[in-house]
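Predicted model only: the values in this text are computed from it and were never measured. Residue indices begin at 1 and follow the sequence shown.
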Amino acid sequence: MSFPLLTATAALPAIGAIATAAVPAARRTAAKWLALAFSLGTLVLAGIALVRFEPGGSRYQLTESHAWIKDFGVRYELGVDGIGLALMALTALLIPFVILAGWHDADPLETSSSRWRPTQGFFALILMVEAMVILSFVATDVFLFYILFEAMLIPMYFLIGGFGDRAHAGSDENASAQRSYAAVKFLLYNLVGGLIMLAAVIGLYVVAGSFSLSEIAEARANGSLTMATGTERWLFLGFFFAFAVKAPLWPLHTWLPNAMGEATTPVAVLITAVVDKVGTFAMLRFCLQLFPEASKWATPVILVLALISIVYGALLAVGQRDIKRLIAYASISHFGFIILGIFAMTSQGQSGATLYMVNHGISTAALMLVAGFLITRRGSRLIADYGGVQKVAPVLAGTFLIGGLATLSLPGLAPFVSEFLVLVGAFSAYPAAGIIATTGIVLAAIYVLVLYQRTMTGPVKAEVQGMADLKVRELVVVVPLIALLIFLGVYPKPLTEIVNPAVQHTMSDVQKKDPQPEVEAAK
């Protein structure tokens with residue numbers, strides 16, 4: 001039996017979570033280093049998976065399959081395609097930076113003697129989320145995926161509700177109430193989506209007699225499985241609703257600004273750069289593969305919702321006074337682009353959507369983490385409380401600018417490539433949708449540049465006069481992310497070579513071909 005690489009990649013952070021939680025309470029620093037070591041080990045295993053993966057090989061590679069719950073036909077079945085591999089690598093890459101960025105976020109608050117912040121629990125929960133997210137990207141059994149899809153809500157709930165933003169340190173009672181509200185809202189929205197998905201999962205088993213993606217695909221291919229049109233559409237809606245909540249897609253998005261605003265900055269990155277990607281990834285893997293006819297049937301409505309997300313999220317970002325909520329609404333707009341690319345049903349659109357998931361994860365992590373360093377220094381999330389930061393902390397301001405320019409998809413930075421492909425794919429299939437989506441680019445330039453102008457330029461406010469520039473630990477967090485944004489912006493080929501074959505398989509699932517350009521005959 002070959003080495004179970006995918007299981008090991010997911011199991012290592014889970015083991016790390018248990019080990020970190022078991023560290024004695026007085027040894028907080030040891031717990032931090034232990035969590036970081038396990039996250040780096042996971043990154044190494046993900047790197048090995050990248051090396052062993054053959055882009056031109058079979059659809060699912062590094063496969064594992066074992067009986068789990070025999071009476072219900074549930075198997076522990078894993079396999080990775082190019083899309084899942086890219087997102088697994090993204091997750092493994094970001095978690096060490098999340099841990100380093102949150103190095104002191106779970107230390108006891110000196111200003112509050114009433115509440116102990118368990119450092120060990122904080123980092124253990126982060127590692128547990130990593131394990132579940134990685135496993136969800138490689139699960140090829142629908143029931144196994146559902147278990148992971150729901151189980152990751154538990155550590156996220158405690159991370160949001162139990163560890164608050166340092167900007168609220170001076171008002172413990174009010175901050176605690178806001179955190180509790182954000183955590184409960186996050187949990188309820190996602191639980192409702194998950195319960196609806198559970199009904200669809202059971203319905204799928206009744207119709208197909210299996211939870212295995214490979215068995216269902218084989219049954220479709222040989223004609224032994226046919227779904228009534230109405231049944232397929234209802235099952236699709238059950239799956240899509242849960243994924244749209246997680247994504248998040250308008251109008252199911254309202255939990256995200258609350259959760260990102262009240263969580264610590266590293267947890268906010270965990271939400272939007274890692275956990276939310278499970279929703280858009282699942283649209284590609286499960287909605288399009290299991291329900292191709294229903295996916296095409298629902299495409300017009302989903303495209304409208306994606307366009308509303310793009311414009312609505314960007315407009316609300318323009319009007320925000322809170323830095324973290326601005327980034328949250330910008331993410332809603334970006335997820336609209338991702339979903340637009342998926343359901344444009346073109347190879348350019350779906351390749352762009354997958355690249356967008358990766359590039360958005362990197363760019364949002366860079367911007368949010370630098371914003372977190374800024375907020376920690378000033379103790380406020382309000383844009384109006386800043387001004388002239390670039391004169392006292394030029395490195396912080398410079399990295400903040402690069403993160404912002406990546407967010408608005410400046411050519412030369414990674415998100416530009418993915419946004420360009422999404423728009424090309426949308427234009428070729430739905431020209432009106434492509435035109436409307438471009439307004440998101442204009443609005444992104446407005447909210448990013450206005451944010452930078454109001455916080456970094458102008459006269460130096462008295463409250464930021466003595467602000468320190470980025471420290472070594474903070475530079476270790478930010479500089480690699482910026483370097484990666486530049487590298488993938490200039491040379492995206494390593495990523496596209498992994499993703500494109502998987503996209504072609506998805507296009508084959510829905511029996512779609514790219515529209516041919518109309519060329520006028522020469523006169």
Side-chain angles (χ1 to χ4, degrees), residues 4 7-47 88 91-136 148 151-166 168-169 172 175-176 179-180 183 262-271 273-275 365 369 372-373 376 471-477 480:
T7 294
T9 307
L12 190 61
I15 295 169
I18 296 170
T20 302
V23 173
R27 303 191 63 184
R28 294 192 302 273
T29 302
K32 298 173 185 178
W33 283 108
L34 186 63
L36 181 61
F38 273 99
S39 69
L40 290 173
T42 305
L43 179 58
V44 170
L45 291 179
M88 181 180 76
T91 303
L93 173 71
L94 291 181
I95 296 301
F97 297 123
V98 166
I99 290 174
L100 277 173
W103 202 251
H104 298 298
D105 283 2
D107 290 344
L109 285 172
E110 297 178 0
T111 57
S112 173
S113 59
S114 62
R115 199 163 89 87
W116 175 264
R117 297 164 66 89
T119 305
Q120 289 83 345
F122 180 75
F123 292 105
L125 289 169
I126 289 175
L127 289 175
M128 190 57 69
V129 172
E130 179 183 21
M132 293 179 181
V133 170
I134 287 176
L135 205 54
S136 70
L148 297 164
M152 70 180 68
L153 301 179
I154 299 171
M156 286 305 305
Y157 170 78
F158 288 108
L159 283 170
I160 297 169
F163 302 90
D165 191 346
R166 291 287 189 174
H168 287 313
D172 283 348
S176 180
R179 284 196 302 273
S180 297
E262 300 307 322
T264 64
T265 300
V267 173
V269 171
L270 197 62
I271 293 169
V274 176
V275 173
L369 291 175
F373 298 148
T376 299
K471 301 175 183 178
V472 174
R473 174 179 60 84
E474 295 165 335
L475 287 171
V476 170
V477 171

* If you round to the nearest 0.5 Å, how far is CD1 of I134 from OG1 of T9? -> 6.5 Å
* Asked: Is the number of heavy atoms from other residues, nucleotides or ligands under 6.0 Å of R473 CZ greater than 12?
  -> yes
* **Positive for side chain to side chain contact (heavy atoms under 4.5 Å, CB included) with L270, one of L94, T265, V129** => V129
* Asked: To the nearest 0.5 Å, what is the distance between OG1 (T42) and CD1 (I95)?
  -> 9.0 Å
* Could you tell me whether a side-chain N or O of Q120 sits under 3.5 Å from a main-chain N or O of P24, the two making a donor and an acceptor? => yes
* To do: Taking all non-hydrogen atoms of both residues into account, name the closest pair between A124 and T20 and its distance.
  => N-CG2, 4.1 Å
* To do: Applying side-chain hydrogen bond (donor to acceptor under 3.5 Å, both in side chains), name anything that partners T7, two or more places apart in sequence or on another chain.
  => E64, Y76
* **Separation of M156 CE from L153 CG (nearest 0.5 Å)** => 9.0 Å
* Structure fact -> Tightest non-hydrogen contact, residues S136 and M152, listed as OG-CE, 4.0 Å
* **Beyond-backbone contact of H104 with K32, side-chain heavy atoms, under 4.5 angstrom** => yes
* Answer whether the closest heavy-atom distance between the side chains of L36 and L40 falls below 4.5 Å. => yes
* For V98, what residues pass the side chain to side chain contact (heavy atoms under 4.5 Å, CB included) criterion, not counting sequence neighbours? -> I126, P266, V269
* To do: Would you please test D105 and V267 for side chain to side chain contact (heavy atoms under 4.5 Å, CB included) and show each step?
  => CA-CA 10 Å; D105 283 2; V267 173; over 6 Å; no
* Asked: Who pairs with F122 by ring pair (Phe, Tyr, Trp, His ring centres under 6.0 Å), at least two apart in sequence or on another chain?
  -> F163
* Structure fact -> Interatomic distance, CG@L125 vs CG@L159, rounded to 0.5 Å, equals 4.5 Å
* Minimum-distance pair of heavy atoms, taken over all atoms of Y157 and A183 -> CD1-O, 3.5 Å
* Locate the shortest heavy-atom distance separating F97 from V477; write the atom from each residue and the value. => CD2-O, 3.6 Å
* **R27 side, atom CZ; L34 side, atom CG - distance, nearest 0.5 Å** => 10.0 Å
* Structure fact -> Looking only at heavy atoms, the pair that brings F123 and G102 closest together is CZ-O, 3.3 Å
* Asked: Are there more than 12 heavy atoms of other residues, nucleotides or ligands under 6.0 Å from atom CH2 of W33?
  -> no
* Asked: Tell me, do M88 and T91 make a side-chain contact under 4.5 Å, heavy atoms counted?
  -> no
* **Closest approach of A17 to M128 (non-hydrogen atoms, all atoms of both residues)** => CB-CE, 3.7 Å
